[in-house]
Amino acid sequence: MISPERLRTHVEALTAHGPRFEDLAGVPACLRYVTDELGAMGLAVRVERYGGELHQVNLIAEIQGGTSDDAVELCAHWDSVEESPGADDNASGVAGVLEAARALRDADLPARTIRFCLFGGEEDGFLGSEAHMAHITPRTEAIVFEMIGFTSARQHFPDELAGFVDPPERGDFVALVADEASQGLLARFAGHLEVPGFPLVLPDLAQEAAMRSDHVPYWATGRRALLVTDTADYRNPHYHRPGDTADTLNYAFAADVVAAAVRTIVDLAQ
(Lines give C-alpha, C1' and ligand atoms only; values in the text may rest on other atoms or scores of the structure.)
Protein backbone atom coordinates (compact mmCIF):
# COMPACT_ATOMS: atom_id res chain seq x y z
CA MET A 1 0.00 0.00 0.00
CA ILE A 2 2.87 2.42 0.79
CA SER A 3 5.83 2.52 -1.58
CA PRO A 4 9.34 2.65 -0.08
CA GLU A 5 10.55 3.96 -3.44
CA ARG A 6 8.17 6.92 -3.38
CA LEU A 7 9.16 7.70 0.20
CA ARG A 8 12.78 7.83 -0.91
CA THR A 9 11.89 10.06 -3.87
CA HIS A 10 10.19 12.51 -1.50
CA VAL A 11 13.09 12.56 0.95
CA GLU A 12 15.61 13.11 -1.84
CA ALA A 13 13.55 15.98 -3.24
CA LEU A 14 13.05 17.58 0.17
CA THR A 15 16.76 17.47 0.97
CA ALA A 16 18.07 18.38 -2.49
CA HIS A 17 18.33 22.11 -1.76
CA GLY A 18 19.95 21.85 1.65
CA PRO A 19 18.64 22.74 5.10
CA ARG A 20 15.04 23.93 5.43
CA PHE A 21 15.86 26.79 7.75
CA GLU A 22 14.66 30.41 7.81
CA ASP A 23 15.73 32.19 4.59
CA LEU A 24 17.81 29.36 3.10
CA ALA A 25 17.01 28.01 -0.36
CA GLY A 26 15.68 24.75 1.03
CA VAL A 27 12.60 26.48 2.46
CA PRO A 28 10.83 27.72 -0.69
CA ALA A 29 11.86 24.56 -2.52
CA CYS A 30 10.29 22.42 0.21
CA LEU A 31 7.08 24.46 0.42
CA ARG A 32 6.69 24.36 -3.36
CA TYR A 33 7.32 20.61 -3.49
CA VAL A 34 4.81 19.78 -0.76
CA THR A 35 2.16 22.05 -2.28
CA ASP A 36 2.68 20.56 -5.75
CA GLU A 37 2.56 16.97 -4.49
CA LEU A 38 -0.65 17.45 -2.51
CA GLY A 39 -2.19 19.44 -5.35
CA ALA A 40 -1.41 16.64 -7.81
CA MET A 41 -3.45 14.34 -5.56
CA GLY A 42 -6.43 16.64 -5.92
CA LEU A 43 -6.08 18.09 -2.43
CA ALA A 44 -6.35 21.83 -1.89
CA VAL A 45 -3.52 23.23 0.22
CA ARG A 46 -4.24 25.95 2.75
CA VAL A 47 -1.46 28.22 3.95
CA GLU A 48 -1.67 28.77 7.68
CA ARG A 49 0.66 31.62 8.65
CA TYR A 50 1.90 32.21 12.18
CA GLY A 51 4.29 35.11 11.39
CA GLY A 52 5.42 37.42 8.65
CA GLU A 53 8.52 35.55 7.47
CA LEU A 54 8.48 33.10 4.56
CA HIS A 55 9.37 30.19 6.80
CA GLN A 56 6.66 30.95 9.38
CA VAL A 57 4.02 28.84 7.71
CA ASN A 58 2.10 25.60 8.06
CA LEU A 59 0.69 23.82 5.02
CA ILE A 60 -2.67 22.13 5.56
CA ALA A 61 -4.75 19.83 3.35
CA GLU A 62 -7.78 17.76 4.23
CA ILE A 63 -10.37 15.21 3.20
CA GLN A 64 -13.59 16.73 4.47
CA GLY A 65 -15.66 14.62 6.83
CA GLY A 66 -19.38 14.12 6.48
CA THR A 67 -20.91 14.31 9.94
CA SER A 68 -18.42 15.73 12.43
CA ASP A 69 -16.56 18.99 12.97
CA ASP A 70 -13.74 17.11 14.66
CA ALA A 71 -10.71 15.87 12.76
CA VAL A 72 -8.04 13.22 12.77
CA GLU A 73 -4.72 14.85 11.87
CA LEU A 74 -1.53 13.32 10.54
CA CYS A 75 1.33 15.73 11.16
CA ALA A 76 5.03 16.26 10.56
CA HIS A 77 7.31 19.27 10.65
CA TRP A 78 8.94 20.32 7.40
CA ASP A 79 11.74 22.51 8.84
CA SER A 80 15.25 21.42 9.76
CA VAL A 81 18.10 22.90 11.73
CA GLU A 82 20.59 25.12 9.91
CA GLU A 83 23.41 22.57 10.00
CA SER A 84 21.55 19.61 8.50
CA PRO A 85 19.71 18.59 5.33
CA GLY A 86 17.30 16.84 7.68
CA ALA A 87 16.55 13.59 5.88
CA ASP A 88 15.36 11.71 8.95
CA ASP A 89 14.60 14.93 10.85
CA ASN A 90 12.12 15.38 9.41
CA ALA A 91 11.88 14.84 5.66
CA SER A 92 11.04 11.24 6.56
CA GLY A 93 7.96 12.41 8.44
CA VAL A 94 6.89 14.76 5.63
CA ALA A 95 7.32 11.96 3.09
CA GLY A 96 5.18 9.76 5.30
CA VAL A 97 2.39 12.34 5.42
CA LEU A 98 2.49 12.73 1.62
CA GLU A 99 2.24 9.01 1.01
CA ALA A 100 -0.52 8.61 3.59
CA ALA A 101 -2.45 11.34 1.79
CA ARG A 102 -1.99 9.46 -1.48
CA ALA A 103 -3.35 6.28 0.11
CA LEU A 104 -6.32 8.02 1.74
CA ARG A 105 -7.37 10.48 -0.97
CA ASP A 106 -9.86 8.07 -2.57
CA ALA A 107 -11.32 6.81 0.70
CA ASP A 108 -15.07 6.79 1.16
CA LEU A 109 -16.30 10.00 2.75
CA PRO A 110 -15.27 9.72 6.40
CA ALA A 111 -17.43 10.85 9.30
CA ARG A 112 -14.52 12.87 10.67
CA THR A 113 -12.29 15.12 8.59
CA ILE A 114 -8.84 13.68 7.82
CA ARG A 115 -6.34 16.51 7.89
CA PHE A 116 -2.70 16.51 6.78
CA CYS A 117 -0.56 19.07 8.62
CA LEU A 118 2.98 20.08 7.67
CA PHE A 119 4.23 22.36 10.41
CA GLY A 120 6.96 24.96 10.38
CA GLY A 121 8.82 26.07 13.47
CA GLU A 122 9.24 22.74 15.22
CA GLU A 123 12.94 23.42 15.57
CA ASP A 124 12.07 26.81 17.09
CA GLY A 125 9.89 25.69 19.98
CA PHE A 126 6.93 24.13 18.09
CA LEU A 127 5.75 27.56 16.93
CA GLY A 128 3.78 26.26 13.95
CA SER A 129 1.91 23.51 15.75
CA GLU A 130 1.30 25.77 18.74
CA ALA A 131 -0.36 28.36 16.47
CA HIS A 132 -2.37 25.60 14.80
CA MET A 133 -4.23 24.89 18.05
CA ALA A 134 -6.31 28.04 17.49
CA HIS A 135 -7.72 26.57 14.25
CA ILE A 136 -8.98 23.18 15.48
CA THR A 137 -11.72 21.79 17.69
CA PRO A 138 -11.00 20.56 21.23
CA ARG A 139 -11.73 16.95 20.21
CA THR A 140 -9.38 16.95 17.23
CA GLU A 141 -6.65 14.34 17.73
CA ALA A 142 -3.33 13.77 16.01
CA ILE A 143 -0.68 11.30 14.99
CA VAL A 144 2.68 13.06 14.81
CA PHE A 145 5.51 11.67 12.68
CA GLU A 146 8.86 12.75 14.14
CA MET A 147 11.70 10.92 12.37
CA ILE A 148 10.45 7.55 11.08
CA GLY A 149 13.24 6.33 8.81
CA PHE A 150 16.36 5.31 10.71
CA THR A 151 17.17 1.86 12.08
CA SER A 152 20.33 0.76 13.83
CA ALA A 153 21.98 -2.13 15.62
CA ARG A 154 22.29 0.08 18.71
CA GLN A 155 19.70 1.88 20.79
CA HIS A 156 19.83 4.22 23.77
CA PHE A 157 17.13 5.72 25.97
CA PRO A 158 16.82 8.91 28.04
CA ASP A 159 18.15 8.65 31.56
CA GLU A 160 14.85 10.12 32.77
CA LEU A 161 13.07 6.92 31.73
CA ALA A 162 15.30 4.64 33.80
CA GLY A 163 13.02 2.53 35.94
CA PHE A 164 9.98 3.20 33.77
CA VAL A 165 10.94 1.10 30.74
CA ASP A 166 12.99 -1.93 29.82
CA PRO A 167 14.47 -0.63 26.58
CA PRO A 168 15.42 -2.84 23.62
CA GLU A 169 19.10 -2.90 22.69
CA ARG A 170 18.53 -2.81 18.93
CA GLY A 171 17.11 0.19 17.12
CA ASP A 172 14.78 -1.77 14.88
CA PHE A 173 11.45 -0.60 16.33
CA VAL A 174 9.24 2.46 16.18
CA ALA A 175 8.41 4.11 19.48
CA LEU A 176 4.78 5.07 20.14
CA VAL A 177 4.68 7.70 22.85
CA ALA A 178 1.47 8.86 24.52
CA ASP A 179 0.38 10.72 27.60
CA GLU A 180 -2.21 9.02 29.76
CA ALA A 181 -5.12 10.65 27.92
CA SER A 182 -3.85 9.36 24.55
CA GLN A 183 -3.52 5.68 25.42
CA GLY A 184 -6.39 4.76 23.11
CA LEU A 185 -4.56 6.23 20.12
CA LEU A 186 -1.46 4.25 21.03
CA ALA A 187 -3.40 0.99 21.33
CA ARG A 188 -5.07 1.46 17.94
CA PHE A 189 -1.80 2.27 16.19
CA ALA A 190 0.07 -0.60 17.83
CA GLY A 191 -2.62 -3.00 16.64
CA HIS A 192 -1.86 -2.12 13.02
CA LEU A 193 1.95 -2.27 13.17
CA GLU A 194 3.85 -4.93 11.25
CA VAL A 195 7.29 -3.77 12.41
CA PRO A 196 8.35 -3.98 16.05
CA GLY A 197 6.77 -1.30 18.17
CA PHE A 198 7.72 0.06 21.55
CA PRO A 199 4.61 1.49 23.27
CA LEU A 200 5.28 4.03 25.98
CA VAL A 201 2.59 5.73 28.05
CA LEU A 202 4.29 8.47 30.01
CA PRO A 203 3.07 9.45 33.46
CA ASP A 204 3.16 13.16 34.17
CA LEU A 205 6.42 13.00 36.12
CA ALA A 206 8.28 11.38 33.18
CA GLN A 207 6.89 13.44 30.28
CA GLU A 208 9.76 15.93 30.15
CA ALA A 209 11.94 13.35 28.39
CA ALA A 210 9.57 13.29 25.41
CA MET A 211 8.59 16.96 25.13
CA ARG A 212 10.57 17.48 21.95
CA SER A 213 8.15 17.68 19.03
CA ASP A 214 4.77 18.79 17.70
CA HIS A 215 2.70 16.52 19.92
CA VAL A 216 3.50 18.89 22.79
CA PRO A 217 0.92 21.62 21.96
CA TYR A 218 -1.78 18.95 21.63
CA TRP A 219 -1.01 17.54 25.06
CA ALA A 220 -0.70 21.03 26.55
CA THR A 221 -4.21 21.92 25.34
CA GLY A 222 -5.79 18.68 26.52
CA ARG A 223 -5.99 17.06 23.09
CA ARG A 224 -5.08 13.48 22.34
CA ALA A 225 -1.90 12.99 20.30
CA LEU A 226 0.50 10.15 19.59
CA LEU A 227 4.19 10.68 18.90
CA VAL A 228 5.54 8.16 16.36
CA THR A 229 9.34 8.24 16.30
CA ASP A 230 12.50 6.30 15.59
CA THR A 231 13.80 7.98 18.80
CA ALA A 232 16.02 10.59 17.11
CA ASP A 233 19.48 10.97 18.66
CA TYR A 234 18.92 7.99 20.94
CA ARG A 235 19.50 5.95 17.78
CA ASN A 236 20.55 8.16 14.89
CA PRO A 237 24.15 9.45 15.10
CA HIS A 238 23.43 11.94 12.27
CA TYR A 239 20.75 13.84 14.22
CA HIS A 240 21.05 17.61 13.56
CA ARG A 241 24.27 17.02 11.61
CA PRO A 242 25.33 17.25 7.97
CA GLY A 243 25.25 13.46 7.74
CA ASP A 244 21.46 13.23 8.04
CA THR A 245 21.10 12.36 4.36
CA ALA A 246 18.65 10.37 2.27
CA ASP A 247 20.98 7.42 1.79
CA THR A 248 21.09 6.64 5.52
CA LEU A 249 17.40 5.72 5.87
CA ASN A 250 15.50 2.44 5.86
CA TYR A 251 12.56 3.11 3.54
CA ALA A 252 10.93 -0.31 3.90
CA PHE A 253 10.75 0.30 7.66
CA ALA A 254 9.31 3.78 7.13
CA ALA A 255 6.72 2.42 4.69
CA ASP A 256 5.48 -0.06 7.29
CA VAL A 257 5.12 2.76 9.82
CA VAL A 258 3.13 4.87 7.36
CA ALA A 259 0.90 1.92 6.44
CA ALA A 260 0.04 1.46 10.13
CA ALA A 261 -0.84 5.15 10.35
CA VAL A 262 -3.15 4.87 7.34
CA ARG A 263 -5.00 1.93 8.83
CA THR A 264 -5.27 3.72 12.17
CA ILE A 265 -6.65 6.88 10.56
CA VAL A 266 -9.28 4.88 8.66
CA ASP A 267 -10.44 3.44 12.00
CA LEU A 268 -10.46 6.80 13.77
CA ALA A 269 -12.26 8.68 11.00
CA GLN A 270 -15.26 6.35 10.83
Side-chain angles (χ1 to χ4, degrees), residues 1-8 10 41 61-63 65 68 70-76 88 90 92-118 139-151 155 165 167-168 170-202 210 213-215 218-219 223-232 235 249-270:
M1 178 171 57
I2 302 297
S3 163
E5 292 75 21
R6 281 200 301 264
L7 288 174
R8 180 171 190 136
H10 292 318
M41 299 175 203
E62 62 185 37
I63 301 168
S68 174
D70 300 320
V72 181
E73 297 187 331
L74 182 62
C75 313
D88 196 25
N90 189 28
S92 66
V94 174
V97 172
L98 293 176
E99 283 307 295
R102 186 187 305 276
L104 289 162
R105 63 182 172 173
D106 295 325
D108 292 336
L109 181 68
R112 301 171 71 188
T113 292
I114 300 171
R115 187 174 296 130
F116 308 103
C117 303
L118 289 311
R139 294 179 63 84
T140 290
E141 54 193 346
I143 296 169
V144 178
F145 283 162
E146 173 58 50
M147 306 180 62
I148 60 168
F150 193 84
T151 56
Q155 178 69 51
V165 299
R170 290 186 58 84
D172 59 356
F173 62 88
V174 63
L176 309 176
V177 185
D179 64 356
E180 293 181 353
S182 306
Q183 293 181 66
L185 274 178
L186 187 156
R188 282 180 181 262
F189 198 105
H192 290 299
L193 267 179
E194 295 183 359
V195 295
F198 188 79
L200 183 60
V201 179
L202 292 174
S213 195
D214 288 312
H215 61 293
Y218 290 90
W219 290 3
R223 293 175 170 92
R224 301 201 312 163
L226 177 67
L227 173 64
V228 179
T229 178
D230 64 21
T231 75
R235 176 186 305 177
L249 302 189
N250 181 337
Y251 294 97
F253 173 84
D256 284 338
V257 174
V258 178
V262 168
R263 291 189 286 265
T264 304
I265 290 166
V266 169
D267 284 352
L268 292 170
Q270 291 177 352

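As the structure is a prediction and not an experimental result, all values here were calculated from the model. Positions are given from 1 along the sequence.
Of the inter-residue distances, the one linking I148 atom CD1 with T231 atom OG1 reads 13.5 Å to the nearest 0.5 angstrom. Residue R188 holds its CZ atom at 12.0 Å from CD1 of I265, rounded to the nearest 0.5 Å. Here the CD-OH distance, from E99 to Y251, works out to 12.5 Å after rounding to the nearest 0.5 Å. Atoms CG and CZ, on L227 and F189 in that order, are 10.5 Å from each other to the nearest 0.5 Å. With rounding to the nearest 0.5 Å, the separation of SG in C117 from CG in D214 is 9.5 Å. Considering CD of E62 and CG of L104, their distance stands at 13.5 Å, rounded to 0.5 Å.
Formation of a donor-acceptor pair under 3.5 Å by the T151 side chain with backbone atoms of D172 is not found in this model. A donor-acceptor pair is defined here as one N or O able to donate and one able to accept, closer than 3.5 Å; such a pair exists between the side chain of S3 and the backbone of R6. At distances below 3.5 Å, at least one donor-acceptor pair connects side-chain atoms of T113 with backbone N or O atoms of G65. Panel note: side chain R263, backbone H192; a donor-acceptor pair is recorded below 3.5 Å. Although no hydrogens or angles enter the test, the distance criterion places a donor-acceptor pair under 3.5 Å between the side chain of T229 and the main chain of E146.
Shown here for P110 and I63, the closest heavy-atom pair between the two residues is CD-CG2, 4.1 Å. When all heavy atoms of W219 and V177 are compared, the closest pair comes out as CZ2-O, 3.8 Å. The minimum heavy-atom distance between G149 and A254, with the atom names listed, is CA-CB, 4.2 Å. Between F145 and G93, the shortest heavy-atom contact is CD1-O, 3.7 Å. Between D88 and M147 the shortest heavy-atom distance is OD2-CE, 3.0 Å. Closest heavy-atom contact between A76 and V97: CB-CG2, 3.8 Å.
You'll find the side chain of H215 stays beyond 4.5 Å of the side chain of L226, heavy atoms only. Side-chain contact check for L176 versus L193: some heavy-atom pair is nearer than 4.5 Å. Taking the side chain as every heavy atom from C-beta outward, Y218 and S182 never approach each other to under 4.5 Å. Inter-residue side-chain proximity for V94 and H10 is flagged as unmet; no heavy-atom pair is nearer than 4.5 Å. A heavy-atom distance below 4.5 Å is not found between the side chains of L74 and I114.
No donor-acceptor contact under 3.5 angstrom links the side chains of T264 and D267, judged on distance only.
E141 has a carboxylate O that lies under 4.0 Å from a charged side-chain N of R112, or vice versa, which qualifies the two as a salt bridge. Between E5 and R8 there is no salt bridge, since none of the side-chain N atoms of the basic residue sits less than 4.0 Å from a carboxylate O of the acidic one.
Of the candidates V195, I2, V174, V195 is the only one forming a side-chain contact (heavy atoms from CB on, under 4.5 Å) with D256.
Relative to the six-membered ring of F173, R235 meets both conditions, a distance below 6.0 Å and an angle of at most 45° to the axis.
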